[in-house]
Amino acid sequence: MLLSQTLVPTLRETPSDADVASHVLLLRAGCIRQLASGLYSWLPIGLCVLRKIEVIVREELARAGAQEILMPVVQPAELWLESGRWDVMGPEMMRMRDRNDRDYALAPTHEEVVSDLIRKAIVSYKQLPCNLYQINTKFRDEIRPRFGLLRAREFVMKDGYSFHLDDASFELTYQAMFDAYSRILNRIGLDFRAVDADPGTMGDGESHEFHVLAESGEDAIAFSPASSYAANVEKAEAVATGDLDKPALTLEKKPTPDVRTIDDVAQLFQVAAKQTIKTLVVKGTSSLVGLVLRGDHQLNEKKASRLPEVAQPFEFASEDEIRAALACGPGSIGPVNLHVPFYVDRSAAIVSDFICGANEDGFHFTGANWKRDATATRVVDIRNVVEGEPAADASGPLKFIRGIEVGHIFKLGTKYTAPMNVTIQDAKGVSRELIMGCYGLGISRLVAAAVEQCHDDEGIIWPEAIAPAMLHIVAINYSRSDAVRAAAHDLYDRCLDAHIDVFLDDRDERPGVKFADADLLGLPHRVIVGERNLAEGRLEYSYRRSELELVTPTQVLERLQS
RNA sequence: CGGAGUGUAGCUCAGUCUGGUAGAGCACCGUCUUCGGGAGGCGGGGGUCGAAGGUUCAAGUCCUUUCACUCCGACCA
């Protein structure tokens, strides 16, 4: 590309509404422009990157046996009513009506549409397994779009779906997709980690996320350096170490006016927070439900929302509801004499002589103990793991890193095929619900994730595999020097002949501007064409901002092709 | 949804408290000089000051409403 003829509106200053590195740099490098909250236009070189990722994704999915299709972004409500998700999805799914007053949704995902497609198009088990994918625009009306492309409302996603007659077939494809994702991220050149994950609203089965490691990642990953164990903190199992000690203290009710938080309690009684017990109150299926945790632990809502007596969707009880049901405020609740059902976290269930709310405003119990003072009948894992505690596979202490979730693959079972009646007769003529898998990969998010991982203060440092071009030719004094112009175009043409993507900065700009933009755009190879060295037939070459070295044009081609 | 902040030129921002002709730097156009890390001179173009309503002789500035964007939170026992 000739930069003089390409829309690359680089920005000298950081736009005021961009915060994270990828957002700032993609804007400054002229890759994207924001239209509205969570909505972005792709400019030529940003689109180059997006397309390069798509090529890699297509190649690896083809290798893994998936077929590309394209499905509508506007979807009739009927399908979503059929799967039961029309009401479950909430305002995240954008809805609209057509001129005939029919309800539609803007696709947040495509399970329903692909399931409908399969039940109509697949007529024999001999056509199975079937593994389809598309690269398409999705729309999710996020609670809070942020971080530019990392959490946009409209975004480009590769979503794949596979259908199988039996588990064995499904597992083969699931593993093939897992491997394909690993290959894709390796080819792009990103540092990533595949982890056990919580499937959220997508399903109930196993799932794995693929995270690009970056400090700015929204997710925390717990992993064991001593083993292959890695899980999203949302999912990582928290184990309780030790046993319940014998009670040493007697139960006493102490006045605790104005004490509302665990910090207050620990401060007042001069004990560590881990010696206290806190009780959260949430809405349940038939009454309010208590969730009992050690004072220093954090509730994991994903885990808690899976408990049978906890209402869906997960919601904390309001102070009014708590007062109506328990006759005290939320700061004074405890498991002793609690008159609603409650679950006790594993770690909370082995604390002895603890301090907890007395279910009476202004009072706490000290010296409380399980069995004697309160019964923990439902002991479950409902907290977040903490860095340094033992991993669930007993391999040693956990460490945390942050990641950007770029891929998520799910074992859906018959969650969609059952309600949508996606069945096929097997070889014996028995009608079977198909086993389904779902495989998402955020293409536009990958662009941002790559920038998060690959940049410095001056600009982007694109991984070679997805760089908008391989070579950036900085032509110094382009418009006045015939020699520079000739040499720059000679190199440019040789690259084109060799099918090497190349940018030539042929703009009538001062050198400083061109250097700064080259840094911002971050192509792997750079050549400076200037009269200074042209007399000796030399160009200045650098790779990924390394020191300049003097080389001939032929040597540049060799570097590019090696 | 709750809280906070910001909306003035393409970009970054002054000006708002204390009402009185719309500003700067960069960018853009012309021109001269300069030419290896975001140059300098001279001249120029560009604004319904987010929108609507109100107060006032007079509103970017005060009041009311509203919209947009950003940030924090949606864990509190």
Side-chain angles (χ1 to χ4, degrees), chain A residues 9-20 23-24 27-28 30 33-39 90-91 141 143-148 151 256 258-266 273 276-282 288 290-302 304 313-319 321-323 326 328-335 338 342 348 355-364 382-384 458-459 474-481 484 505 507-520 526 528-534 539-540 545 548:
Chain A
T10 54
L11 299 172
R12 187 167 177 171
E13 298 186 73
T14 299
S16 60
D17 52 5
D19 215 18
V20 294
H23 193 193
V24 169
L27 285 167
R28 286 193 55 212
R33 278 291 168 97
Q34 179 167 352
L35 172 66
S37 182
L39 304 176
D141 197 2
I143 294 176
R144 182 143 96 86
R146 57 182 138 181
F147 307 145
R151 185 168 295 281
T256 52
D258 301 324
V259 168
R260 298 185 58 82
T261 67
I262 285 296
D263 283 347
D264 294 343
V265 173
T276 69
I277 291 291
K278 63 181 174 186
T279 303
L280 314 183
V281 181
V282 303
L288 296 185
L291 300 173
V292 178
L293 292 157
R294 216 170 74 184
D296 59 324
H297 283 152
Q298 281 194 322
L299 176 69
N300 180 312
E301 286 189 28
K302 300 239 176 186
F314 182 90
E315 196 179 346
F316 283 97
S318 69
E319 176 151 0
E321 287 167 320
I322 290 171
R323 286 195 179 279
L326 300 171
C328 71
S332 304
I333 302 167
L338 181 60
F342 60 92
I355 299 171
C356 64
N359 299 313
E360 186 178 338
D361 280 333
F363 291 93
H364 278 73
I382 50 170
R383 68 174 175 93
N384 286 333
E458 309 304 319
V474 180
I476 303 292
N477 236 335
Y478 177 90
S479 45
R480 279 187 321 287
S481 167
V484 164
D505 193 345
R507 298 174 301 170
D508 185 16
E509 289 287 356
R510 300 175 56 80
V513 173
K514 294 192 176 195
F515 288 135
D517 277 354
D519 289 340
L520 205 46
R526 185 180 308 178
I528 301 168
V529 182
E531 286 183 308
R532 189 183 286 178
N533 297 297
L534 218 45
L539 308 169
E540 288 151 84
R545 317 232 177 123
L548 295 174

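Proteins get letters first, then strands, A, B, ... in listed order; numbering begins at 1 in each. Note that the structure is predicted; figures quoted are calculated from it, not measured.
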Problem - base_contact_polar (B/G25 base, A/E13 side chain, donor-acceptor, <3.5 Å) - result: yes

Handout entry: Complementary nucleotide of B/G7, counting Watson-Crick and G-U pairs under 3.5 Å
Key = B/C67

Practice task
Report yes or no: does A/K278 contribute a side-chain atom to a donor-acceptor pair with the main-chain N or O of A/H297 at less than 3.5 Å?
Solution key: yes

Problem - Nucleotide nearest A/I528 (side chain, heavy atoms from C-beta), chosen from B/C72, B/G36, B/C69 - result: B/G36

Practice task
Rounded to whole angstrom, note down the P distance from B/G25 over to B/G19.
Solution key: 28 Å

Handout entry: Salt-bridge present (A/D519, A/R526; N to O < 4.0 Å)
Key = yes

Handout entry: Residue matched to B/U61 through Watson-Crick or wobble contacts both under 3.5 angstrom
Key = none

Handout entry: Watson-Crick or G-U wobble partner of B/G73, both distances under 3.5 Å
Key = B/C1

Exercise for the section: Would you mind classifying the nucleic acid contact of A/D517 as base, sugar-phosphate or nothing, using non-hydrogen atoms under 4.0 angstrom? Expected result: base

Handout entry: Side chain A/E540 and base B/G36 donor-acceptor under 3.5 Å
Key = yes

Practice task
Using modelled atom types only, decide if a donor and an acceptor are shared between the side chain of A/K514 and the backbone of A/D505 within a distance under 3.5 Å.
Solution key: yes

What's touching nucleotides 30-33 of chain B from the protein side, N or O pairs under 3.5 Å?
none

Practice task
Write down the distance separating the C1' atoms in B/U12 and B/U48, rounded off to the nearest Å.
Solution key: 23 Å

Handout entry: Under-4.0 Å side-chain N/O to phosphate OP1/OP2 contact, A/R144 with B/C71
Key = yes

Handout entry: Base B/C71 paired with A/R146 side chain (donor-acceptor, <3.5 Å)
Key = no

Handout entry: Span that lies between the C1' atom of B/G47 and that of B/A9, in whole angstrom
Key = 6 Å

Practice task
Just compare B/C69, B/C71, B/C28 and give me whichever is closest to any side-chain atom of A/D19.
Solution key: B/C71

